[in-house]
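Counting convention: from 1, in listed order, for ligands and their atoms alike. Treat the numbers as computed from the prediction; the structure is a model and nothing was measured.
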Amino acid sequence: MAEANLRYSPRVYVAGNTGMVGSAICRKMSAENYCVIKPSTRVDLTNQNDVNQMVSELRPDWIFLAAARVGGIHANSTYPADFVYVNLMIECNLIRAAFENDVKKLLFLGSSCIYPRNCPQPIKEEYLLSDYLEPSNKPYAIAKIAGIIMAQSFSSQYGCNYISVMPSNLYGPYDNFDLKESHVIPALLRKTHEAKMSGASYVEIWGTGRPFREFLHVDDLADACLFLMRNYDSPELINIGSGYDQTVFELARIIKEVVGYQGEIRFNPAMPDGTPRKLLDISRLKALGWNPSISLRDGLRLTYRWYLENENVARK
Ligand SMILES: NC(=O)c1ccc[n+]([C@@H]2O[C@H](COP(=O)([O-])OP(=O)(O)OC[C@H]3O[C@@H](n4cnc5c(N)ncnc54)[C@H](OP(=O)(O)O)[C@@H]3O)[C@@H](O)[C@H]2O)c1
């Protein structure tokens, strides 16, 4: 406690504080005794005037930009206009407002899914924009890439200290369990749980189960984001992941075990698989001294427990 009080304590604003990533960053910052500030009511971050006013009133020293329109394959292909428009507007408004209000440091969240579809594996930071994108989430990827370029451009033209991170697939408390919106882990946890409760003999999963995916618990991500805010001052991208991957088939097997479901897992190869493999090279982050600490199995157990305790408030 004494050490925390002696440390320079920036005023911190987390855009997207109600979401999975934003709430994890807020929990981490509060646990570390940072001064976390937020507007008294929700501000629509696509509205430039409202964002300018909010940032000039809050006067944060640090901004974590974790607000975004986010979703899985189904949401991306159903709402491409929302994915490109909302994300571009949020980034434009917040990055510009940060600059105009002398925010000392900003962390922008990209995503591993915006690297080219057929990247060599594991994916190094320099592979961004080196080949064609995955078609199913192109509008989201283009918007997110624009955010990274914007953060880098403000850094190079005006000397701002804006950093951009590329997290792998995330999961944890406050994830979105709505089957039309969700990513693979919340979708599988919910489907498997409901199959267990209803006594269904099988759970159906989109795709072949063959793609490889890397996952990181959101509390590890929040820890890495704070670590980078303290220790990293370069506009060069930096990957944040667990450093290992497994097939969706293997993931489904672990989830079945964590949930305690006795039925069968069936794959539906008629539905899209998405990118065949997505494993981040996290050597740049490890060289700085950060390592993940939550295993996939433990993280899934924690997330399932959170879901059971919060079933009535979880997004679904
Ligand atoms: N989830 C993943 O697996 C993953 C992986 C890599 C990177 N990321 C990145 O992490 C960031 C956060 O993702 P997440 O999973 O935490 O998403 P999330 O749970 O859906 O949270 C999104 C947050 O953004 C806010 N938001 C969206 N539109 C807004 C608007 N117009 N005005 C104000 N707030 C708005 C939401 O608030 P309201 O609910 O009030 O709209 C919510 O707080 C994103 O930049 C994403 O690209 C996520």
Quiz item: Taking heavy atoms and a distance under 4.0 Å, where does Asp44 meet ligand 1: side chain, backbone, both or neither?
Solution: both
Quiz item: Out of curiosity, is Ile90 lining ligand 1, as in a heavy atom under 4.0 Å away?
Solution: yes
Quiz item: Short question: side chain of Thr247, backbone of Pro211 - any donor-acceptor pair under 3.5 Å?
Solution: no
Practice problem: Could you see which bit of Glu91 sits under 4.0 Å from ligand 1, with heavy atoms only: side chain, backbone, both or neither? | Solution: neither
Quiz item: When only distance counts, is Tyr174 in polar contact with ligand 1, meaning an N/O pair under 3.5 Å?
Solution: no
Exercise. Can you pull out the closest protein heavy atom to atom 36 (C) of ligand 1? Residue, atom name and distance to 0.1 Å, please.
Key: Thr18 OG1, 4.0 Å
Quiz item: Does Gly71 have a non-hydrogen atom less than 4.0 Å from ligand 1?
Solution: no
Self-check item: Taking atom 47 (O) of ligand 1 as the reference point, the nearest protein heavy atom with its distance
Solution: Tyr140 OH, 2.4 Å
Practice problem: Please report the closest heavy-atom contact between Asp219 and Arg27, naming both atoms and the distance. | Solution: OD1-NH2, 2.8 Å
Quiz item: In chain order, what residues pass the side-chain hydrogen bond (donor to acceptor under 3.5 Å, both in side chains) check against Arg305, with sequence neighbours excluded?
Solution: none
Practice problem: Give the contacting part of Met89 toward ligand 1: side chain, backbone, both or neither, where contact means a heavy-atom distance below 4.0 Å. | Solution: neither
Practice problem: Please identify each residue that fulfils salt bridge (Lys or Arg N to Asp or Glu O under 4.0 Å) with Lys138, with sequence neighbours left out. | Solution: none
Practice problem: Return yes when Lys144 approaches ligand 1 closer than 4.0 angstrom through a heavy atom, no otherwise. | Solution: yes
Quiz item: Is it the side chain (CB and beyond), the backbone, both or neither of Ala15 that lies under 4.0 Å from ligand 1, heavy atoms counted?
Solution: neither
Quiz item: Any N or O of Val86 that comes nearer than 3.5 Å to an N or O of ligand 1?
Solution: no
Quiz prompt | Distance from atom 22 (C) of ligand 1 to nearest protein heavy atom, with residue and atom | solution = Ala68 O, 3.5 Å
Quiz item: So is Val43 in contact with ligand 1, going by heavy-atom distances below 4.0 Å?
Solution: yes
